[in-house]
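Input: a single structure, listed below in structure tokens.
Given the structure is predicted, the values throughout are model-derived calculations rather than measurements.
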Amino acid sequence: MTRDGQAPQSANPARLRAFCRDGDDVGVLLCHGFTGSPQGVRPLAQAFAHAGHTVRLPLLPGHGTTWQDCNKTTWRQWYAEVESGFVDLRSRCRIVIAVGLSMGGALAIRLAQLHPDDIAGLVLINPALRVDDPRMIALPALQWVLPSLPGVGNDVKKVGGEPEWCYDRLPLRALASQTTLWRLAAAGLPQVRMPVLLAHSTQDHVVPASSWQLVRERIGSTDVTDLALTNSYHVATLDNDAELLEREALAFVDRIASRGPA
């Protein structure tokens, strides 16, 4: 939903689908956020493809359809789809770099934890590893009596730009499953030692600053580049800082690629 409580405009159905482009031997795997779709990070995926890289941006199970569908899925199914994209890229490319927005950042972190020798770098954009909401305490029980709450997507500052396509409801069973992903990703941060570009909006109405700060404080990598996005909200890939983000992400990938295989 938009920040004034109205549902976003309908997106072109084609933009909700997975994005796949073959290019050079540098593979880039992108992960979209919770209740969103590939549309939310598609411009960044297209920038990588335009630069000549091989790109995979999967549609996570339960996403791009209805929030009721999402409530029938778990983080393990979302992760399996991401890993499938990774396996495809690893078979084709010299190196693979994972990119994630919001929950996609948690999925990218988990992938790096389980494949530390095969992920050459991470680009994390407002990664979600926690939220500050007192209702989260009741979520384990609430999910069984209340199927959803009002949505929290389309947190975009840019006026007149493309809105984020997202569910207008927050599916609680799926959200409860996501908290397990958060715990695993957070617990394994010290084992993540590859280079990281950590992009974070200075004003975010969905994920608190304590989430990206947790990544910065606990991650095992000694090569972490902080990128403050001062003119964007949560969905920075569609916001005022999108060009800056694309430029810095491309430069990061080029730097990692110049080092050779992971």
Mind telling me whether His63 and Phe34 have parallel, tilted or perpendicular rings, with 30° and 60° as the class edges?
-> perpendicular
dist Phe86:CZ -> Cys93:SG (nearest 0.5 Å) comes out at 10.5 Å
With side chains defined as the heavy atoms from C-beta onward, is the minimum distance between Val96 and Asp118 less than 4.5 Å?
-> no
CG on Leu30 to CG on Leu101, rounded to 0.5 Å = 10.0 Å
For the hydrophobic clusters of this structure (ILVMFWY residues joined by side-chain heavy atoms under 4.5 Å, transitively), does one cluster hold both Val131 and Val206?
-> yes
Between Ser177 (side chain) and Trp75 (backbone), is there a donor-acceptor pair under 3.5 Å?
-> yes
Evaluate the side chain to side chain contact (heavy atoms under 4.5 Å, CB included) criterion for residues Leu170 and Thr35: first the C-alpha distance (whole Å), next the side-chain angles of each, then the deciding distance (0.1 Å), finally the verdict.
-> CA-CA 7 Å; Leu170 190 65; Thr35 75; 4.2 Å; yes
Under the side chain to side chain contact (heavy atoms under 4.5 Å, CB included) rule, what do Leu44 and Ile125 come out as? Steps first, then yes or no, please.
-> CA-CA 11 Å; Leu44 184 55; Ile125 308 161; 3.8 Å; yes
Donor-acceptor pair, side chain of Ser211 and main chain of Leu129, under 3.5 angstrom | yes
Tell me yes or no: between the side chains of Arg183 and Thr180, is some donor less than 3.5 Å from an acceptor?
-> yes
Under the side-chain hydrogen bond (donor to acceptor under 3.5 Å, both in side chains) test, which residues partner Arg193, sequence neighbours left out?
-> none
Residues two or more places apart in sequence or in another chain: which of them pass ring-ring contact (aromatic ring centres under 6.0 Å, His included) with His200?
-> Trp212
For residues Leu60 and Leu107, determine if any side-chain heavy atom of one lies less than 4.5 Å from a side-chain heavy atom of the other.
-> yes
Indicate yes or no for a side-chain donor-acceptor contact from Tyr233 to the backbone of Lys158 under 3.5 Å, with no hydrogens or angles considered.
-> no
Where the side chain of Asn71 meets the backbone of Pro147, is there a donor-acceptor pair that is under 3.5 Å apart?
-> yes
Please report the closest heavy-atom contact between Cys31 and Leu57, naming both atoms and the distance.
-> N-CD1, 4.4 Å
Heavy-atom closest contact (Leu29 atom, Val82 atom, distance) | CD2-O, 3.5 Å
Side chain of Glu81, backbone of Trp78: donor and acceptor closer than 3.5 Å?
-> no
Sidechain-backbone polar pair: Gln39 side chain, Trp165 backbone, donor-acceptor under 3.5 Å | yes
So which heavy atom on Ser201 is nearest to which on Ser232, and how close?
-> CB-O, 3.3 Å
Working to the nearest 0.5 Å, report the span between CD1 of Ile97 and CG of Leu89.
-> 11.0 Å
Say whether, by atom type as modelled, one donor and one acceptor occur between the side chain of Asn154 and the main chain of Glu164 under 3.5 angstrom.
-> yes
Side-chain contact test, heavy atoms from C-beta onward, threshold under 4.5 Å: evaluate it for Thr237 versus Pro43 and give yes or no.
-> no
The reported gap from CD in Glu248 to OG1 in Thr225 (rounded to nearest 0.5 angstrom) is 8.5 Å
Any donor and acceptor pair, going by atom type alone, linking the side chain of Ser221 with main-chain N or O of Asp223 inside 3.5 Å?
-> yes
Atom CZ of Arg92 and atom CG of Asp25: how far apart are they, to the nearest 0.5 Å?
-> 13.0 Å
So Val192 and Met194, side chain to side chain contact (heavy atoms under 4.5 Å, CB included) or not? Walk me through it.
-> CA-CA 6 Å; Val192 177; Met194 65 284 296; 3.3 Å; yes
Sidechain-backbone polar pair: Tyr167 side chain, Gly64 backbone, donor-acceptor under 3.5 Å | yes
Quick check: does any side chain N or O of Asp241 sit under 3.5 Å from a backbone N or O of Asn231, one acting as donor and the other as acceptor?
-> yes
Residues Ala120 and Ile95: closest non-hydrogen pair is CB-CB, 4.1 Å
With hydrophobic residues grouped by side-chain heavy-atom distances under 4.5 Å, do Leu111 and Leu214 end up in a single group?
-> yes
Starting at NE2 of His50, measure out to CZ of Arg21 and round the result to the nearest 0.5 Å.
-> 13.0 Å
4.5 Å side-chain heavy-atom contact, Arg15 and Glu162 = yes
Closest approach of Ala112 to Leu122 (non-hydrogen atoms, all atoms of both residues) | CB-CD1, 3.9 Å
Do Leu59 and Leu16 sit in the same hydrophobic cluster, where Ile, Leu, Val, Met, Phe, Trp and Tyr count as joined when their side-chain heavy atoms come under 4.5 Å apart?
-> no
Minimal heavy-atom distance between Leu250 and Ala51, with the atoms involved, is CD2-CB, 3.7 Å
Let me see the working for His53 and Asp254 under side chain to side chain contact (heavy atoms under 4.5 Å, CB included), right down to the final yes or no.
-> CA-CA 10 Å; His53 302 317; Asp254 287 346; 3.7 Å; yes
Does a side-chain N-to-carboxylate-O contact under 4.0 Å join Asp22 and Arg56?
-> yes
Does the side chain of Phe48 come within less than 4.5 Å of Val26's, by heavy atoms?
-> no
His234 vs Val207 side-chain heavy atoms within contact, under 4.5 Å = yes
Test item: side-chain donor near acceptor, Arg110 and Gln113, under 3.5 Å | yes
Just wondering, are more than 12 heavy atoms of other shown residues or ligands nearer than 6.0 Å to CZ in Arg76?
-> no
